[in-house]
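Here is the structure we will look at.
Heavy-atom basis, side chains included; hydrogens, waters and symmetry copies ignored. Note on naming: letters A, B, ... go to the chains in the order of the sequence lines (proteins, then strands), and numbering restarts at 1 for each one.
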There are 4 protein chains.
Amino acid sequence: MPKVGMEPIRKRQLILATVEAIHAVGFNRTTVNQVARRAGISPGLVAHYFRDKPGLLAATMRHLAEELREELARRLAAARTPEERLRAVLDANFSDRSFSPAKVSAWVAFWGQAHGDPQLTRMQRVLRQRLKSNLAYPLRALVGHEDARRIATGLSVFIDGLSLRSALGGEAELDRQSARAMAQDYLDKQLAQTPRVQREHHSDVETA
Amino acid sequence: MPKVGMEPIRKRQLILATVEAIHAVGFNRTTVNQVARRAGISPGLVAHYFRDKPGLLAATMRHLAEELREELARRLAAARTPEERLRAVLDANFSDRSFSPAKVSAWVAFWGQAHGDPQLTRMQRVLRQRLKSNLAYPLRALVGHEDARRIATGLSVFIDGLSLRSALGGEAELDRQSARAMAQDYLDKQLAQTPRVQREHHSDVETA
Amino acid sequence: MPKVGMEPIRKRQLILATVEAIHAVGFNRTTVNQVARRAGISPGLVAHYFRDKPGLLAATMRHLAEELREELARRLAAARTPEERLRAVLDANFSDRSFSPAKVSAWVAFWGQAHGDPQLTRMQRVLRQRLKSNLAYPLRALVGHEDARRIATGLSVFIDGLSLRSALGGEAELDRQSARAMAQDYLDKQLAQTPRVQREHHSDVETA
Amino acid sequence: MPKVGMEPIRKRQLILATVEAIHAVGFNRTTVNQVARRAGISPGLVAHYFRDKPGLLAATMRHLAEELREELARRLAAARTPEERLRAVLDANFSDRSFSPAKVSAWVAFWGQAHGDPQLTRMQRVLRQRLKSNLAYPLRALVGHEDARRIATGLSVFIDGLSLRSALGGEAELDRQSARAMAQDYLDKQLAQTPRVQREHHSDVETA
DNA sequence: TATGAATGAGGATTCATTCAT
DNA sequence: AATGAATGAATCCTCATTCAT
């Protein structure tokens, strides 16, 4: 049943099937045939669209990263103050779409594979850096440079820990809402004990 | 060249080789032959001592957990106050022996495999629970029950995040000392904003 | 973009692409998709015109044989004496068109595949027989029947050997001109040591 | 059924099975499983001994070349005069062991694969060079340098042609004895028309 | 206790072929 | 007449596991 314009559809089907398979049977038992069957597609098509298994896995991870980026971009566009920006970053990371059990499972599985796979390692590094930047930027409006960097690092570490816990424990142990709350708590407690800085373009407004 | 009393030596050799292999080539490329060769042992012996590959992997993880337990027990034995106990828990988790690059890599690899493997999942759950208990107990001497539980959970999440970051980034990005310091910072900031509780057996001492 | 009268054009394109592919990447890596892409044609058309891969390969070999036949026919038409006929046969076999590197590569590749493929085997046999006949006929005007047969066989064997050498060694080792000269040398040396026979219809001419 | 010292036996079994398979079903249908089954061995052992399929094929060709070398060495050791040496070279190339139908089939199959396979190409080149040297050396005792080179080249080309003919036509068309005779005829006819040269170290003997 | 040769099931990948458009 | 997406059988290869020694 050959059709035109199927490429994006097929790719999406296969990527979703990959995430589901990882969540359902674990990374090791996730074979190309598994994924293809789950997507209702012939295994040969995987090669057609992703070249090989590493290609499929990399594309899957890229897809997850892209989803996260979209969620974040949408929320940041509506944010006006540093506080709103910080909230937007957390909202994106714990959004219904990005923090679903299957996707969190996939993230953790990829973390476990990153060692020894240069491509995955690079992607992880980029993602981590991006999260830190997204946090550090609004923080610099509130606290000193060094403190902003420190809090951004700590919060991104904490978010990773929450993902891990969520994936390993199942939803029962740590649901999305609680994870979100714990991240917020982390941020609040850090800010509460960090000296605020008056920044020039803020003073202007305040003295006006 | 069969010898008697080789069992514990062989087991240790194979377990260490497993950790090294995971760190060196990643979980997926860690084959039984790889591990055996690295240990300077015939692959057939793996079956003899661990029955099969899952057996070797479970034993390896059990070994890591046991090491952590030993480190902790030793330090807790010398701890007298709640503060010392908390420090002991952190010291154990970030000890030279438990937080080596290879071992942290192995932890993260196991996390990635836990999904779908009931045995690994169970072990993870037990470990996590143990860490939380070890933290919550001394905390209950300082803060309320609910706060103790909350801080213990948060800190164990944060420690996991630090391990992950350490494994993925390499030592360059987050060394052992810095990770230890960040965990301490987390604990300090949490305690600073949590109301202290006067407990009976402490009041006695203090009022004396 | 369906057009009429495309059949011979498409077939030629695909056959030439097959020869080029064999020369460029070797027989084994010559896939239908390879050939189609090289011809700038959809792989589906291969089935349309040649039914399947064996059909394409057989047609390709038939094409090479036909080319050789044409070259020979043209030259033979102009030949008047037995000597001219012999020269014509050699000229045809070592012509620019028939003895190009790509085509010689293709011949050798087909030889390697002939075993176990009845169709290819049959074609090889026919070709060989034809070459031998084309050589034996003019030779019979010069030497005895048995000698003619012997020299024809030997020369056709030698020509095959030259093709092989030319294909394996690349043009650097044995170019077309040298191969032609060696074949001629073979023929000359054989004739020089074979007793000539006076044939009736020749004596008439000569005694006239 | 693991045993020690099986390596050379297994390798020989697999190599012979490879030659037989190529002869029986053709190069393309010669799969690793085919060969293993034919050798009465598990397919996994192929990887154990030859790494992969190309490794097996290369080893097979190397084996054929080595066999030829042995045949030649044995005969050359017994040869005293240039004429005996030349005869030894032909005897070796058309020996019962080296010129069996299956082995000739294998040679031709390898020729067809050499294009695009650097390893096979190199081996072919070395073999061809060796044959030419083995012929040129005794020839230089009989004729001039340039003539020796020319005859050696021509004869080795002719031998290749005979192998090809023998493989394609089956034994019916050109048996081993006839092929041998044709090669001898080629050599004799060439020598008969090439001026002999008196070489110093021969004159000494003859004038003594 | 120890070896490592041998097995064979399982997985990734290739590719000739089909077929809806 | 032409496309090229899709199929799925076939092949190579890996690797956990077994077992004779």
Side-chain angles (χ1 to χ4, degrees), chain A residues 1-7 9-10 28-36 40-56, chain B residues 1-7 9-10 28-37 41-56, chain C residues 1-7 9-10 28-37 41-56, chain D residues 1-7 9-10 28-36 40-56:
Chain A
M1 44 196 104
K3 289 170 194 165
V4 291
M6 291 301 282
E7 177 156 338
I9 298 173
R10 292 305 192 199
N28 271 345
R29 273 175 291 185
T30 296
T31 70
V32 170
N33 280 289
Q34 267 269 334
V35 171
I41 282 176
S42 161
L45 263 197
V46 173
H48 189 263
Y49 285 124
F50 297 104
R51 180 175 183 82
D52 53 13
K53 194 185 185 187
L56 172 62
Chain B
M1 45 200 104
K3 291 172 191 166
V4 290
M6 291 301 283
E7 178 158 334
I9 297 173
R10 293 304 194 200
N28 272 344
R29 273 174 294 186
T30 296
T31 69
V32 170
N33 279 284
Q34 267 268 333
V35 171
R37 197 178 325 126
I41 283 175
S42 161
L45 265 195
V46 173
H48 188 267
Y49 285 125
F50 297 103
R51 180 178 178 81
D52 54 14
K53 194 186 185 186
L56 171 62
Chain C
M1 44 197 109
K3 290 173 192 165
V4 290
M6 291 301 283
E7 179 158 336
I9 298 174
R10 293 304 194 199
N28 271 345
R29 273 174 292 185
T30 296
T31 70
V32 171
N33 279 283
Q34 266 268 334
V35 171
R37 199 177 325 128
I41 283 175
S42 159
L45 264 196
V46 173
H48 189 266
Y49 284 125
F50 297 103
R51 180 176 179 84
D52 53 14
K53 194 187 186 186
L56 171 63
Chain D
M1 43 199 103
K3 290 169 192 165
V4 288
M6 290 301 282
E7 178 157 337
I9 297 173
R10 293 304 193 201
N28 270 345
R29 272 175 292 184
T30 296
T31 70
V32 170
N33 281 291
Q34 267 270 332
V35 171
I41 281 175
S42 161
L45 263 197
V46 173
H48 189 262
Y49 284 125
F50 297 104
R51 180 176 182 85
D52 54 14
K53 195 185 185 188
L56 171 62

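- Within the 4.0 Å cut-off from OP1 or OP2 of F:dA5, not a single side-chain nitrogen or oxygen of A:Arg10 is found.
- Summary of the strand contacts: B:Asn28 and D:Asn33 both lie near DNA chain F, and taking for each the nucleotide with the nearest heavy atom, the more 5' one is attributed to D:Asn33.
- In this structure, the CD atom of B:Glu7 is 13 Å from the C1' atom of E:dA2, given to the nearest Å.
- In terms of heavy-atom proximity, A:Lys53 sits nearest to A:Thr31 at NZ-CA, 4.5 Å.
- Looking at the side chain of B:Met6, the nearest of the listed nucleotides E:dA16, F:dA2, E:dA2 is E:dA2.
- Take C:Arg29 and apply the side chain to side chain contact (heavy atoms under 4.5 Å, CB included) test, not counting sequence neighbours, and it matches C:Val25.
- Residue-to-nucleotide proximity on DNA chain E shows that, of C:Arg29 and A:Thr30, the 5′-proximal contact is made by A:Thr30.
- Counting only Watson-Crick and G-U wobble pairs whose two key distances fall under 3.5 Å, DNA chain F forms stems of three or more stacked pairs at E:2-21 with F:2-21.
- The distance from atom CD of B:Gln34 to atom P of F:dC15 is 9 Å, rounded to the nearest whole Å.
- For A:Asn28, the side chain to side chain contact (heavy atoms under 4.5 Å, CB included) test picks out B:Phe27, B:Asn28, B:Gln113, with sequence neighbours left out.
- In the region residues 42-55 of chain D, proximity to DNA chain E at under 4.0 angstrom, judged on heavy atoms, holds for D:Ser42, D:Gly44, D:Leu45, D:His48, D:Tyr49.
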Distance-only check: which donor-acceptor pairs under 3.5 Å involve side-chain atoms of residues 42-49 of chain B, not counting sequence neighbours?
{"residue": "B:Ser42", "atom": "OG", "partner": "B:Gly44", "partner atom": "N", "Å": "3.2"}

